Amino acid sequence: MTTQGSSPRGTNLDPWYDSYADRTAGLSASEVRALFAVASRPEVVSLAGGMPFVSALPPELVSGALERVMRDRGPVALQYGSGQGTPEIREHILRVMSSEGIRGTVDNVVVTTGSQQALDLVSRLFLNPGDIVLAEAPSYVGAIGVFRSYQAEVAHVAMDEDGMIPAALSETIARLQAQGRSIKLLYLIPNFHNPAGVTLSWERRLEIIEIAKANHILILEDNPYGLLHFGQPAPHAMRSVEEDGIVYLGSFSKTFAPGFRVGWALAPHAIREKLVLANESAILSPSSFAQSVITEYLNEADWKGQIDTFRGYYKDRRDAMLTALDDFLPETIWTVPNGGFFIWLTLPENLDSKSMLPRAVKELVAYTPGTAFYADGGGRNNIRLSFCYPSPEFIREGIRRLSTVVNGELDLLKTFSQTGPLAQHAEHGVMNPPANLS
Ligand code: PMP
C-alpha cells in the first residue's frame, strides 16, 4: 500500500509511483554513484571511486587477443553461448583460483557478468524479504545494495585489523536467532577488504567457517582483490578448506579489465545448478565475445606478469597515500592495506564525513563517506580513500587538500564551541552542523 507524498520508492511526481514493486524500496542511488559526476571533473583529485588503473594494461595485449578471436573463432565469439560460460574460460578460472589454494571442478564454475551479477544471482536464490545477511562492518556498498534490493536486512558484524571478529559473529548470530530471525548468508571480503583495506587472518577464517557450519549459514566469499598483494600474499581462500558451505566469487575486473564484465561463482553442485538456471533467466548467457577475448589473453599473454605490473603500480600508490597521511593528517587513524585498492580513514569523532563533502569538493578533492558502507547509519566519521587510480603525485595533493578540509572543520568546531552553535552557523553558513554539537 502506498500513501500520498513520498515513499521509499520515489515521489508521486513519478507517474509510475503506484506501480513499482515493493522490492524497489531497496533501490536507491549509492553515495559512490552520486559522486562520480563530480569526481570525474579533471581538476578534482578523486579518491572516491574504485576504478582499476587500466592504463597499466598494454593496449597491444588486448588488441592482439581481439584479432586472434576474430581470426580464429569469430562465429563462436559473436554467437549466444552456454548459460554456464565456455568450458575453456572455466578451465582458466580453475587455474587462476589454484593460486589461492582453491581446487574445484570445471563443472562447478558459473561465469557471470562481473562478480556483481554473481552477488545478484546468489541473492535471488537465497533471500526472501526480511531475511538477514551478515556482513562485515563496514562492507562493500554494491553488495549491500543487492541484498537490500531483495528486501533482505544487513546485520553488520564488528571487524578489526585482522578482519571480522569471530566472537562478535557468534554474538550477533545468537542475538538474531533469539529474535527468531532467519539468517541466510554470511557475506565476507576476506582479502584486502573494500572498503576497510584489511585482511582476514587464517585462524579467523577457520573459526568463522566452523561458526557458519554450526549455524547452517551459507558463506559468500567475495574475492576480487586477492591476487593484488603488495609482497606477502593473502592467506589461502576460505573455499580452499571448505567446499559445501561456501559460494566463492571471483572476477577478472581487477586483474585484467572491468570493461569485459566477466566474473564467476564457484558453488557446491546443487547450488551451481540453480545458479545456471538463474543466470539463463537473467541474461541467457554471459558474453561469448568477452569470454573469448579473455581466453585468448590468458592463452597467449603473460597474465601473471601483468598482475605483477598492476601490483607495482598499486603498491607505489598505496605508499604515496600512507606517506601523505603521515605528513598531512596525523590527527586521523588509518588502516594499512597489504593489497587491493582502499584505505579506511577514521576522523576525529566529532567530524561528519558526509556533511564535510561539499567543502571537500570545493577544495577539489573527492572521497566516499563511510556511511555508504553501512546499512545502519554507521561510519559517520569514516572515509574510504581509494589509491588505485590517481598518480602518486595526485594522491599526495589530494590528501593535502583533504587535510585543509579536515583542519578547517576542526577549526570551525573550536569556534563553534567558543561562540555557540547559532552564532557559528550564521557566521560560516554551515548547512549541517555535526549532530553532537547542534
Ligand atoms: N565485490 C567487491 C568487493 C568489489 O569491490 C567489486 C567491485 N568494486 C565487486 C564485487 C564487483 O566487481 P565486478 O562486477 O567488476 O567483478
Side-chain angles (χ1 to χ4, degrees), residues 30-33 35-36 39 46-54 57 85 89 93 96-97 100 109-123 133 135-149 154 156 159 163-164 185-200 219-228 234 237-239 246-266 279 282-283 286-287 290-291 294 307 310 314 335 337 339-344 368 372-375 384-389:
S30 83
E31 290 170 68
V32 184
R33 193 165 163 218
L35 267 171
F36 270 140
S46 176
L47 308 173
M51 289 192 299
F53 184 58
V54 288
L57 184 63
I89 202 166
I93 285 168
V96 171
M97 289 191 298
E100 297 188 75
V109 176
V110 182
V111 180
T112 54
T113 305
S115 52
Q116 188 69 28
Q117 196 217 351
L119 283 171
D120 188 86
L121 295 178
V122 173
S123 301
V133 179
E136 290 127 335
S139 186
Y140 168 47
V141 57
I144 294 175
V146 173
F147 303 142
R148 281 179 151 172
S149 76
V154 174
H156 289 288
M159 70 195 301
M164 183 179 275
L185 298 174
L186 168 56
Y187 173 68
L188 291 163
I189 309 152
N191 297 329
F192 318 129
H193 190 271
N194 177 6
V198 301
T199 292
L200 184 63
I219 293 177
L220 187 51
E221 179 177 21
D222 188 8
N223 185 27
Y225 303 101
L227 294 177
L228 295 177
M238 297 171 86
R239 174 59 178 71
I246 297 186
V247 175
Y248 173 93
L249 308 186
S251 176
F252 288 110
S253 290
K254 326 290 179 187
T255 52
F256 183 39
F260 289 103
R261 309 302 304 122
V262 177
W264 67 89
L266 173 68
N279 209 15
I283 58 165
S287 162
Q291 292 177 83
I294 294 181
I307 292 176
F310 279 128
Y314 295 136
T335 55
F341 288 2
F342 307 109
I343 285 175
W344 185 244
T368 312
F373 306 97
Y374 282 85
R384 186 191 74 176
L385 295 170
S386 312
F387 53 81
C388 44
Y389 197 77

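Since the model is a prediction, treat every value here as computed from it, not as a measurement. Remember, it's 1-based here, ligands and their atoms both numbered in the order they're listed. Throughout, numbering of the chain's residues begins at 1 and tracks the sequence.
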Which class fits the ring pair Y374 and W344: parallel under 30°, tilted 30 to 60°, perpendicular over 60°? tilted
A375: what forms a side chain to side chain contact (heavy atoms under 4.5 Å, CB included) with it, not counting sequence neighbours? I144, R148, V154, H156
Under 4.0 Å from a heavy atom of D222: give me the atoms of ligand 1 that qualify, with their elements. 1 (N), 2 (C), 3 (C), 10 (C)
Of all the non-hydrogen atoms in the protein, which one sits nearest to atom 5 (O) of ligand 1, and at what distance? Y225 OH, 2.6 Å
Counting heavy atoms only, which of G50, S253, G49 is nearest atom 15 (O) of ligand 1? S253
Option nearest atom 7 (C) of ligand 1 (shortest heavy-atom distance, choices H193, K254, Q116): K254
Within a distance under 4.0 Å of any heavy atom of S251, pick out the atoms of ligand 1 and give their elements. 13 (P), 16 (O)
Less than 4.5 Å apart, any side-chain heavy atom of P258 and any of V54? yes
If you scan protein heavy atoms around atom 9 (C) of ligand 1, the nearest is Y140 OH, 3.5 Å
Within the 4.0 Å heavy-atom shell around N194, which atoms of ligand 1 are there? 4 (C), 5 (O)
Answer with side chain, backbone, both or neither: which part of S115 has a heavy atom less than 4.0 angstrom from an atom of ligand 1? both
Is it true that a side-chain atom of R384 and a backbone atom of I343 form a donor plus acceptor pair closer than 3.5 Å? no
Taken to the nearest 0.5 Å, the spacing of Y314 OH from L228 CG works out to 6.5 Å
Keeping the roles fixed (side chain from T113, backbone from P286), state whether a donor-acceptor pair exists under 3.5 Å. no
Answer with side chain, backbone, both or neither: which part of F252 has a heavy atom less than 4.0 angstrom from an atom of ligand 1? neither
Short list, please: which atoms of ligand 1 are under 4.0 Å from a heavy atom of R261? 13 (P), 14 (O), 15 (O)
The side chain to side chain contact (heavy atoms under 4.5 Å, CB included) partners of D120 (sequence neighbours excluded) come to R124, V146, Y150
Using the ring pair (Phe, Tyr, Trp, His ring centres under 6.0 Å) rule, pick out the option among Y140, Y225, F192 that qualifies with F341. Y225
By number and element, which atoms of ligand 1 are closer than 4.0 Å to a non-hydrogen atom of P224? 1 (N), 2 (C), 3 (C), 4 (C)
